[in-house]
Amino acid sequence: MPTNKDFKRLVRARMEKTGEAYTAARANLLKRHVTPSISAPADGGPGLKTRPPVAKPDYARLAGMSDAAIKKATGCDWEKWVFCLDYVGAQDWSHRAIVDHVHTAYKVKDWWTQTVTVGYERIKGLRAIGQRRDGGFEANKSKTLNASAAAVFRAFVHARVRKQWLPGVKVTVKKATPNRSVRMLWDDGTPVEVWIVPNGAKKTAAQVGHRKLASRDDADSRKTYWDERLAALANVLE
């Protein structure tokens, strides 16, 4: 179940939609998400029998991220996110619509709106790990660095610094929001998005998404590449 605050939001949304009183709306929502533990016998005879337990989906495995990590960043584990997004019918929405809803309704920060949305889409079978909704592939990698957000931002946008840890590649910076994000175009035409997330007074996470890749093998190769390059960036900054 979602947190008490989230559940009250769902109750109020149902009240507006159905005209029910608070108590009735709450009771109906609770009823929808309680799994019965008993049922009438299949032969129609008297008495009740216990239903076999239903295996709980491993949401964290399907999403590709642990419950602990997503809860620490957003306040909800995967079961709660699935509940809240299923309730509003997000399974039938576009990727952008889900991102906007997560950001607006739950005040989740930019990178984590993408993480919640992608994880939810994986759980619902709308994409595989490493795959985009449009069928293309992507590589994602992150690393926490012992540096300020300003230093990490400069390492991506300043050509001279960038060459120290990202040599032999010509990139074009398309958009840069100081100390927050960078969008680049790789020399092969594929886009790279970088999110810069402060993590304490002297630490910053650099979260890289390399998009529109041709195959899963390409995505796996780029993931290895970014793992090596972010390690090199850590050496430059530290």
| query | Where do Ile196 and Arg180 land on the side chain to side chain contact (heavy atoms under 4.5 Å, CB included) test, with the steps shown first? | reply | CA-CA 5 Å; Ile196 299 167; Arg180 288 188 58 190; 5.7 Å; no

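- Here the CD-SG distance, from Glu79 to Cys84, works out to 10.5 Å after rounding to the nearest 0.5 Å.
- Of all non-hydrogen atoms in Ala147 and Val152, the two that sit nearest each other are CB-CG2, 4.2 Å.
- Taking CH2 from Trp195 and OG1 from Thr113, the interatomic distance works out to 7.0 Å, rounded to the nearest 0.5 Å.
- Contact detail for Ala63 and Arg122: the closest heavy-atom pair is O-NH1, 2.7 Å.
- In terms of heavy-atom proximity, Gln91 sits nearest to Tyr120 at N-OH, 3.3 Å.
- Considering only heavy atoms from C-beta on, Val116 comes within 4.5 Å of Leu85 through its side chain.
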| Residue pair Glu138, Arg127: steps toward the side chain to side chain contact (heavy atoms under 4.5 Å, CB included) verdict | CA-CA 11 Å; Glu138 62 187 13; Arg127 65 159 84 193; 3.2 Å; yes

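- Of all the heavy atoms in Thr104 and Lys107, the pair that sits closest is O-NZ, 3.2 Å.
- Linking Ile, Leu, Val, Met, Phe, Trp and Tyr whenever their side-chain heavy atoms come within less than 4.5 Å puts Trp226 and Phe153 in one cluster.
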| query | Going through the checks in order, is the side chain to side chain contact (heavy atoms under 4.5 Å, CB included) test met by Arg229 and Val208? | reply | CA-CA 11 Å; Arg229 292 302 88 212; Val208 177; over 6 Å; no

| request: Test His210 against Trp186 for side chain to side chain donor-acceptor pair (under 3.5 Å), laying out the working first. | output: CA-CA 9 Å; His210 203 140; Trp186 214 242; 4.7 Å; no

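- One finds the OG1 atom of Thr74 at 12.5 Å from the NZ atom of Lys72 (value rounded to the nearest 0.5 Å).
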| task | Decide side chain to side chain contact (heavy atoms under 4.5 Å, CB included) for Val197 and Gln207; before the verdict, give the C-alpha distance in whole Å, the side-chain angles of both, and the deciding distance to 0.1 Å. | result | CA-CA 8 Å; Val197 183; Gln207 301 166 325; 3.2 Å; yes

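- To the nearest 0.5 angstrom, Asn179 atom CG is 12.0 Å from Arg154 atom CZ.
- The shortest distance between side-chain heavy atoms of Val99 and Gln114 falls below 4.5 Å.
- Leu126 and Leu62 are not part of a single hydrophobic cluster, where members link through side-chain heavy atoms under 4.5 Å apart.
- Taken together through direct or relayed side-chain contacts under 4.5 Å among Ile, Leu, Val, Met, Phe, Trp and Tyr, Val161 and Val169 form parts of separate hydrophobic clusters.
- The hydrophobic cluster containing Phe83 also contains Val108, counting ILVMFWY residues as joined when their side-chain heavy atoms lie under 4.5 angstrom apart, directly or transitively.
- Connection of Val171 to Leu213 is not established within any shared hydrophobic cluster, with ILVMFWY side chains joined at heavy-atom distances below 4.5 Å, either directly or through further cluster members.
- Side-chain N or O atoms of Thr204 include one that pairs as donor or acceptor with a backbone N or O of Ala149 at under 3.5 Å.
- Summarising the geometry of Ala151 relative to Leu237, their closest heavy-atom pair is O-CD2, 4.0 Å, with the distance given to 0.1 Å.
- Note that CE of Met65 and OG1 of Thr115 are 5.0 Å apart. Values are rounded to the nearest 0.5 Å.
- By the 4.5 Å heavy-atom criterion applied to side chains, Trp78 and Ile70 are counted as neighbours.
- Residues forming a side chain to side chain contact (heavy atoms under 4.5 Å, CB included) with Val173 (at least two apart in sequence, or on another chain): Arg162, Ala176, Val182, Met184.
- The only member of Arg222, Lys212, Arg211 that meets salt bridge (charged side-chain N to carboxylate O under 4.0 Å, His left out) when paired with Asp188 is Arg222.
- The aromatic rings of Phe156 and Trp165 sit perpendicular, their planes meeting at an angle over 60°, well past the 30° parallel limit.
- Atom NZ of Lys124 has more than 12 neighbouring heavy atoms from other residues, nucleotides or ligands inside a 6.0 Å radius.
- The ring pair (Phe, Tyr, Trp, His ring centres under 6.0 Å) with Trp81 is formed by just one residue from the set Tyr59, Tyr87, Tyr106; it is Tyr106.
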| Is there a salt bridge (charged side-chain N to carboxylate O under 4.0 Å, His left out) between Asp100 and Arg96 once you walk through the steps? | CA-CA 6 Å; Asp100 290 343; Arg96 173 50 57 189; 3.5 Å; yes

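- Separation of atoms CG (Leu233) and CG (Leu166) is listed at 9.0 Å; rounding is to 0.5 Å.
- Residues Ile98 and Ala90 approach most closely at CD1-O, 3.4 Å, considering heavy atoms.
- Counting only distance, with no hydrogens or angles, the side chain of Thr117 and the backbone of His95 share no donor-acceptor pair below 3.5 Å.
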